[in-house]
Amino acid sequence: LHRIKASGLKLRFCTNETQATREKFVKKLKGLGFDISVAEVTAPAPAACRMLKERSLRPHLLVHNDLVPEFAEIDKTNPNCVVIGDAAENFTYANLNEAFRVLIGMEKPVLISLGRGRYYKETDGLKLDVGAYMKALEYACCVQAEVVGKPSKMFFESALAEMGVPPEQAIMIGDDIESDVGGAQRCGMRALQVRTGKYRPCDENHPHVKPDAYVNNLAEAVDIILQQL
């Protein structure tokens with residue numbers, strides 16, 4: 001990342017992280033040695049808050065406890081929509097059923113999902129992501145969720161707008177074949193798939209998404225990008 005910043009290239013961290021506020025997320029990455037500020041992070045919760053305010057929506061939140069502060073300024077009384085994020089331990093039957101009841105009680109249900117990932121990887125293995133629970137609510141309520149976060153086109157476009165860069169001049173580096181690579185390419189960007197993180201060899205046989213290149217790690221991706229300058 002130091003090399004990218006030193007080269008004068010603009011950099012944005014596009015994350016579907018919804019288990020923590022951006023401040024906590026940045027603190028964690030700084031602890032791992034990343035040179036990063038909150039202003040460089042594009043995350044689903046702030047984007048959802050903008051959408052909620054614009055549409056006068058009052059959410060019932062099914063999110064991780066640590067994410068709740070991101071919604072501090074949003075009116076949550078008498079909800080007229082449901083916002084679902086990666087709630088982890090909060091994905092109990094009771095909590096899902098409560099969100100279901102809020103939705104099913106609406107004339108026109110509005111479900112906003114902070115991403116639609118199927119699973120992600122932590123040190124102790126793969127974990128179910130928000131997309132699995134989003135699909136359960138979609139199925140139960142005959143509703144189509146509005147996705148805020150990767151792979152939504154609007155999410156990538158807001159990151160590009162924040163940098164002031166057209167999509168054809170941007171490259172996405174990610175480990176998720178659908179959310180990172182597919183989402184970026186649909187937006188007109190190029191995309192590199194890293195063979196780390198949640199990457200699995202079967203990703204290379206994906207029926208629809210073909211990355212512009214595969215790289216073994218982030219350092220190799222940076223090498224390729226800097227060689228193009």
Working to the nearest 0.5 angstrom, can you tell me the gap between [X] [atom1] and [Y] [atom2]?
{"X": "K76", "Y": "F71", "atom1": "NZ", "atom2": "CZ", "result": "8.5 Å"}
{"X": "I173", "Y": "L192", "atom1": "CD1", "atom2": "CG", "result": "5.5 Å"}
{"X": "R3", "Y": "S7", "atom1": "CZ", "atom2": "OG", "result": "9.5 Å"}
{"X": "R55", "Y": "C81", "atom1": "CZ", "atom2": "SG", "result": "8.0 Å"}
{"X": "D175", "Y": "D203", "atom1": "CG", "atom2": "CG", "result": "9.0 Å"}
{"X": "R58", "Y": "L52", "atom1": "CZ", "atom2": "CG", "result": "11.0 Å"}

Exercise for the section: Sequence neighbours left out, what passes ring pair (Phe, Tyr, Trp, His ring centres under 6.0 Å) with H208? Give chain and number order. Expected result: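 Expected list: H206.
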
Would you please name every residue forming a side-chain contact (heavy atoms from CB on, under 4.5 Å) with [X], sequence neighbours left out?
{"X": "S56", "result": "none"}
{"X": "A87", "result": "L62, N90, F91"}
{"X": "C141", "result": "F100, L103, I104, V143"}
{"X": "K135", "result": "E138"}

Set of salt bridge (charged side-chain N to carboxylate O under 4.0 Å, His left out) partners for [X], sequence neighbours left out:
{"X": "R195", "result": "E204"}
{"X": "K24", "result": "D66"}
{"X": "R200", "result": "none"}
{"X": "K210", "result": "none"}

Practice task
Each residue besides I177 in its hydrophobic cluster should be listed here, by chain and number; the cluster joins Ile, Leu, Val, Met, Phe, Trp and Tyr at side-chain heavy-atom distances under 4.5 Å.
Solution key: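 I177 shares its hydrophobic cluster with V181, V209.
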
Could you tell me whether the side chain of [Y] reaches within less than 4.5 Å of the side chain of [X], counting heavy atoms only?
{"X": "R118", "Y": "D129", "value": "no"}
{"X": "N16", "Y": "Y120", "value": "no"}
{"X": "D176", "Y": "K198", "value": "yes"}
{"X": "V63", "Y": "V68", "value": "yes"}
{"X": "E178", "Y": "R116", "value": "no"}
{"X": "Y133", "Y": "L128", "value": "yes"}

Step through the shown structure and confirm whether more than 12 heavy atoms of other residues, nucleotides or ligands are within 6.0 Å of [atom1] on [X].
{"X": "Q228", "atom1": "CD", "result": "yes"}
{"X": "E89", "atom1": "CD", "result": "no"}
{"X": "E73", "atom1": "CD", "result": "no"}

What pair of heavy atoms forms the shortest contact from [X] to [Y], and how long is it?
{"X": "L114", "Y": "T18", "result": "CB-CG2, 3.5 Å"}
{"X": "L111", "Y": "M134", "result": "CD2-O, 4.1 Å"}
{"X": "T15", "Y": "F155", "result": "O-CZ, 3.6 Å"}
{"X": "V83", "Y": "P59", "result": "CG2-CB, 3.7 Å"}
{"X": "A170", "Y": "L160", "result": "CB-CD2, 3.6 Å"}
{"X": "L137", "Y": "A99", "result": "CD1-CB, 4.2 Å"}

Hphob cluster co-occupancy, [X] + [Y], side-chain heavy atoms under 4.5 angstrom:
{"X": "I225", "Y": "V165", "result": "no"}
{"X": "V26", "Y": "F13", "result": "yes"}
{"X": "V147", "Y": "L57", "result": "no"}
{"X": "L61", "Y": "V82", "result": "no"}
{"X": "L126", "Y": "V194", "result": "no"}

Distance-only, no hydrogens or angles: does the [X] side chain make a donor-acceptor pair with backbone N or O of [Y] under 3.5 Å?
{"X": "E17", "Y": "Q19", "answer": "yes"}
{"X": "K150", "Y": "G183", "answer": "no"}
{"X": "N217", "Y": "A219", "answer": "yes"}

Handout entry: Test: R22 and E70 ion pair at under 4.0 Å
Key = yes

Practice task
Name all residues meeting the side-chain hydrogen bond (donor to acceptor under 3.5 Å, both in side chains) criterion together with D212; count only those two or more places apart in sequence or in a different chain, and write none if there are none.
Solution key: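 side-chain hydrogen bond (donor to acceptor under 3.5 Å, both in side chains) check on D212 returns Q185.
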
Could you pull out all donor-acceptor pairs under 3.5 Å where a side-chain atom in residues 35-49 meets a protein atom, sequence neighbours excluded?
from	atom 1	to	atom 2	distance (Å)
S37	OG	E40	OE1	3.4
E40	OE1	K5	NZ	3.3
E40	OE1	S37	N	2.9
E40	OE2	K5	NZ	3.2
T42	OG1	R12	NE	3.2
T42	OG1	E162	OE1	2.9

